[in-house]
2 protein chains.
Amino acid sequence: MARWEPDAAGRLREAAMALYAERGYERTTVAEIADRAGVTARTFFRHFADKREVLFAGSEELERRMVEAVLAAPESAGPMDAVAAGVLASGEFFVDRREHSRRRQAVITATPELREREFIKMASLAAAFTDALRKRGVAPEIASLAAETGVAVFRVAFERWVADPQDADITDIMRATLADLSSLTA
Amino acid sequence: MARWEPDAAGRLREAAMALYAERGYERTTVAEIADRAGVTARTFFRHFADKREVLFAGSEELERRMVEAVLAAPESAGPMDAVAAGVLASGEFFVDRREHSRRRQAVITATPELREREFIKMASLAAAFTDALRKRGVAPEIASLAAETGVAVFRVAFERWVADPQDADITDIMRATLADLSSLTA
DNA sequence: TCGAGTGATGTCATTCAGTGACATCACTCA
DNA sequence: TGAGTGATGTCACTGAATGACATCACTCGA
């Protein structure tokens, strides 16, 4: 018999999601999460930097994929087209995760501390987009503006997808949002 | 003689800025800030919700002014024009505050926790813009997209202003940033 | 097969953020 | 002049987060 049950991090993630959804983020203690996962609070902090981070594991992976798509866009693509490619590439990440995304997003939206953390993840994405665009030869100021705008589109589209009663495809929603941006600034 | 020195909140703000700049946010305790301001830690928390908020007093005022400008834009103005008016209206708020803004921004940029807080302030601004646009009759989805885009412009322009070695006027920089957005999405 | 690591976890003590309850006391005003 | 009022202090407590050290199943080479 193994000394410890495997995948403590996974159990902690699930326990945290369940408790945050059940009784709210603020009224859940790390000790309770750890208990439910069968470990101690000290172990929680060995897997996650803080009480918020447990909901954001995997965001680096998403960011990595989106950045790759920006870099992989055709050379002829302008800055905004490259960013659009990055945004669209996020679609596959959410396949079959709509319900999970909805529950997770409900918890985050209800908790200022978690919203803060989500924003800094978006900022990290914007910085990564900026960097990728510069590598494509885009001027620094233009790169950051295009990146910020692209992230704004991603956020709005994601919100629309989560809220969509028709369960429309996320990629379609992203395309529509990008089109809205074009007509807005026309 | 008054029982207490007046303007405890002001002294706390200054003490916090000084200490955060001197030795960094994380290595400054609330007790130290309170000490320097001549009050107790308990009093600190009566004036500011938490250790981060002390750097963001006044942001509601800025938001209020920007929203007013959105609402005051000519009826003929489109969503993006109205948002642009809001962004430009922030200019006067920063008159004669460039050096203060630079020091403050340096502290914030160096501290993830403070960056998180700054982002949620920007989100609040975006929500307020969205609301204002809806009051102007803009469709909800378009309103939020225009608002997010406007906030992106504000952030980029503010960063440019703080970093500008020429000390250019903030309003000019904002106009230029708005122009960049137009050509980007053309 | 045995013994020296290794690594994930537990235990314990501590610092610090943040909050609730209650006391204090200069100042105000009827 | 005495009953509030309000900003502050004091105290006790919860809970997040971290460092130091112990534990022990498992691995791997001699």
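In the text below, chain A, chain B and the rest are named by the order of the sequence lines, each starting its count at 1. The model shown is predicted, which means the values in this text are computed figures rather than measured ones.
Salt bridge status for A/E22 with A/R27: absent, with no side-chain N to carboxylate O gap under 4.0 Å. Ion pair A/K135/A/D131 flagged as a salt bridge, since at least one NZ, NE, NH1 or NH2 atom sits closer than 4.0 Å to an Asp/Glu carboxylate oxygen.
B/R136 places a side-chain N or O within donor-acceptor distance of the main-chain N or O of B/A77, the cut-off being under 3.5 Å. Side chain of A/R11 to main chain of A/P6: a donor-acceptor pair is present (N/O by atom type, distance under 3.5 Å, no hydrogens or angles).
Separating the NZ atom of B/K51 from the C1' atom of C/dT15 is a distance of 11 Å, rounded to the nearest angstrom. Per the geometry, CZ belonging to A/F44 stands 17 Å off C1' belonging to C/dA8, to the nearest Å. Across the protein-nucleic acid pair, A/E26 atom CD and C/dG20 atom C1' stand 16 Å apart, rounded to whole Å. Summarising the geometry, the separation between CZ on A/F45 and P on C/dG10 is reported as 14 Å, rounded to the nearest angstrom. Between the P atom of D/dG15 and the CG atom of A/D50 lies a distance of 18 Å, rounded to the nearest Å. Separating the CG atom of A/L12 from the P atom of C/dG10 is a distance of 10 Å, rounded to the nearest angstrom. As rounded to whole Å, 13 Å separates atom P of C/dA21 from atom CZ of B/R46. Whole-Å rounding puts the A/W4 CH2 to C/dG10 C1' distance at 9 Å.
Residues A/L62 and A/K121 form no side-chain contact, since every pair of their non-hydrogen atoms from C-beta on lies 4.5 Å or further apart.
Distance from the side chain of A/R42 is smallest for D/dT18 among the nucleotides D/dT18, D/dT8, D/dA16.
Residue contacts shown for B/A49 are limited to sugar-phosphate atoms, with no base heavy atom under 4.0 Å away.
Look at B/T43 and you won't find any side-chain N or O under 4.0 angstrom from OP1 or OP2 of D/dA7. In this model, the phosphate group of D/dA17 is approached by a side-chain N or O of A/R52 to a distance below 4.0 Å at OP1 or OP2. The phosphate of D/dT27 (OP1 or OP2) has no side-chain N or O of A/R3 nearer than 4.0 angstrom. Residue A/T40 has a polar side-chain atom (N or O) positioned under 4.0 Å from OP1 or OP2 of C/dG10. The phosphate of D/dA7 (OP1 or OP2) has no side-chain N or O of B/H47 nearer than 4.0 angstrom.
DNA chain C is contacted by both A/A8 and B/T28; A/A8 maps to the nucleotide lying nearer its 5′ end (nearest heavy atom per residue). Checking A/V30 against B/E5, the closest nucleotide of DNA chain D that is more toward the 5' end is the one next to B/E5.
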